[in-house]
Protein chains: 2
Amino acid sequence: MLTDEYRYKILKELQLDPNVSQRELAKRLGISLGKVNFCLKALIEKGLIKVENFRSNTKKVGYLYFLTPKGIEVKVSLTQKFLKRKIEEYDALEKEIERLRLDVKKN
Amino acid sequence: MLTDEYRYKILKELQLDPNVSQRELAKRLGISLGKVNFCLKALIEKGLIKVENFRSNTKKVGYLYFLTPKGIEVKVSLTQKFLKRKIEEYDALEKEIERLRLDVKKN
DNA sequence: TAACATCGTTCAGCTGATGAACGCTGCCTC
DNA sequence: GAGGCAGCGTTCATCAGCTGAACGATGTTA
């Protein structure tokens, strides 16, 4: 359930904005609240994320999900992995579009 | 169930090789036999694919799934759509990796 | 004829995603 | 205070859709 894809996306989003609710995160990633909750727990258990209860000026209560050093490290490697994968897909598509243009010519 | 992604992939595969069993197609696309069957039926019903019973030299029976003109047309538009999407993903990843390198520098 | 291979088709079973509902906490307004 | 409200994480009954074993049909082989 916690795939590399969402491991990456969640780490990326939290790095950008540690102060984000699970609901908001779900909306941004286009997945359900339940899934976000599950994935966050898994990331926490693996030590990639740390949660802190946080209240500014003794006002509103809030949660902070920030990446641990290990989390940052994993995110770097995931990003490189993703970049490589996307470049491969892109190259494949270049060839595909070339082939397609031939087909279009034929028709 | 029949998403653009598999509409595209199936049309692509059949254009390359119309003489392919549903089992083989499932293996190539990494999906189940049942899903291939469902998707093929949908593509046939929409007039993108035509099936022909085919026997060479009165020997082995076989099926041919070939694209109709409409199928070819749809496949062209799907490929362009996909290329555009992948290029966007690629651009986004370029920016992402740039940002990542900054982060790495910081650590 | 019988055994076998391979085809498309079916559907009971399973996996995993969903989001309404819940308890909790802090902030108002009276 | 008390009561209402807003927003948080958490839970889990429900559901969508994917899976592949099993089946009938057909052609091939021994």
Side-chain angles (χ1 to χ4, degrees), chain A residues 1-68 71 78, chain B residues 1-68 71 78:
Chain A
M1 187 172 175
L2 177 51
T3 59
D4 268 2
E5 181 181 359
Y6 286 105
R7 197 175 280 119
Y8 166 73
K9 287 184 176 177
I10 290 175
L11 290 177
K12 174 184 169 186
E13 204 61 48
L14 293 183
Q15 198 174 42
L16 284 173
D17 179 12
N19 181 21
V20 60
S21 71
Q22 293 186 10
R23 268 164 248 267
E24 175 62 22
L25 192 51
K27 202 187 295 177
R28 291 186 193 174
L29 300 188
I31 58 181
S32 72
L33 176 60
K35 182 168 180 176
V36 164
N37 185 265
F38 180 92
C39 290
L40 281 182
K41 280 185 179 173
L43 289 173
I44 290 164
E45 197 190 358
K46 290 185 176 175
L48 306 188
I49 287 177
K50 236 179 103 184
V51 194
E52 260 193 16
N53 263 333
F54 150 81
R55 57 203 72 195
S56 61
N57 311 327
T58 65
K59 286 195 176 182
K60 226 181 172 183
V61 68
Y63 293 79
L64 279 182
Y65 303 93
F66 57 83
L67 275 59
T68 62
L78 279 175
Chain B
M1 187 174 176
L2 175 53
T3 60
D4 268 3
E5 182 182 357
Y6 285 104
R7 196 175 281 120
Y8 166 73
K9 285 184 177 177
I10 290 175
L11 289 178
K12 174 184 169 185
E13 204 60 49
L14 293 184
Q15 198 174 43
L16 285 174
D17 179 11
N19 182 19
V20 59
S21 72
Q22 294 187 10
R23 267 163 249 267
E24 175 61 23
L25 193 51
K27 201 187 294 175
R28 291 187 193 173
L29 300 187
I31 58 181
S32 72
L33 176 58
K35 182 168 179 176
V36 164
N37 187 266
F38 180 90
C39 291
L40 281 182
K41 280 185 179 174
L43 290 174
I44 290 166
E45 197 189 358
K46 289 185 177 177
L48 305 187
I49 287 177
K50 236 179 102 184
V51 194
E52 261 193 19
N53 262 336
F54 149 81
R55 57 203 69 195
S56 62
N57 311 329
T58 66
K59 284 196 174 180
K60 225 180 172 182
V61 67
Y63 294 79
L64 279 182
Y65 303 93
F66 57 84
L67 277 59
T68 62
L78 280 174

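Keep in mind the model is a prediction, meaning the values are calculated, not measured. Letters go in sequence order (proteins before strands), and every chain restarts at 1.
Going from atom CG of B:N53 over to atom P of C:dC7 covers 13 Å, rounded to whole Å. Here the C1' atom of nucleotide C:dT15 and the CG atom of A:L2 are 16 Å apart, to the nearest Å. For the pair B:K35 NZ and C:dT10 P, the computed distance is 18 Å after rounding to whole Å. Rounded to an integer number of Å, the gap from CG of B:L25 to P of C:dC7 is 12 Å. Rounded to whole Å, atom P of D:dG7 lies 11 Å from atom NZ of A:K27.
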Side chains of residues 25-43 of chain A: which donor-acceptor pairs under 3.5 Å do they make with residues two or more places apart or in other chains?
residue	atom	partner	partner atom	Å
A:R28	NE	A:E24	OE2	2.9
A:R28	NH1	A:E13	OE2	3.1
A:R28	NH2	A:D17	OD2	3.3
A:S32	OG	A:K35	N	3.2
A:N37	ND2	A:Q22	OE1	2.9

Review item, nucleotides 9-12 of chain D N/O atoms under 3.5 Å of protein N/O:
residue	atom	partner	partner atom	Å
D:dG9	OP1	A:Y65	OH	2.5
D:dG9	OP2	A:Q22	N	3.0
D:dG9	N7	A:R23	NH2	2.5
D:dG9	O6	A:R23	NH2	2.6
D:dT10	OP2	A:Q22	NE2	3.3
D:dT10	OP2	A:N37	ND2	2.7
D:dT11	OP2	A:K41	NZ	2.4

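The distance from the CG atom of A:N53 to the OH atom of A:Y63 is 5.0 Å, given to the nearest 0.5 Å. The CD1 atom of B:I10 sits 10.5 Å away from atom CD of B:E5, with the distance rounded to the nearest 0.5 Å.
Taking every heavy atom of both residues into account, A:L11 and A:L67 meet most closely at O-CD1, 3.7 Å. Closest of all the heavy-atom pairs between A:Y65 and A:V20 is CE1-O, 3.5 Å.
Taking the side chain to side chain donor-acceptor pair (under 3.5 Å) definition, one finds that A:R23 meets it with nothing, sequence neighbours left out.
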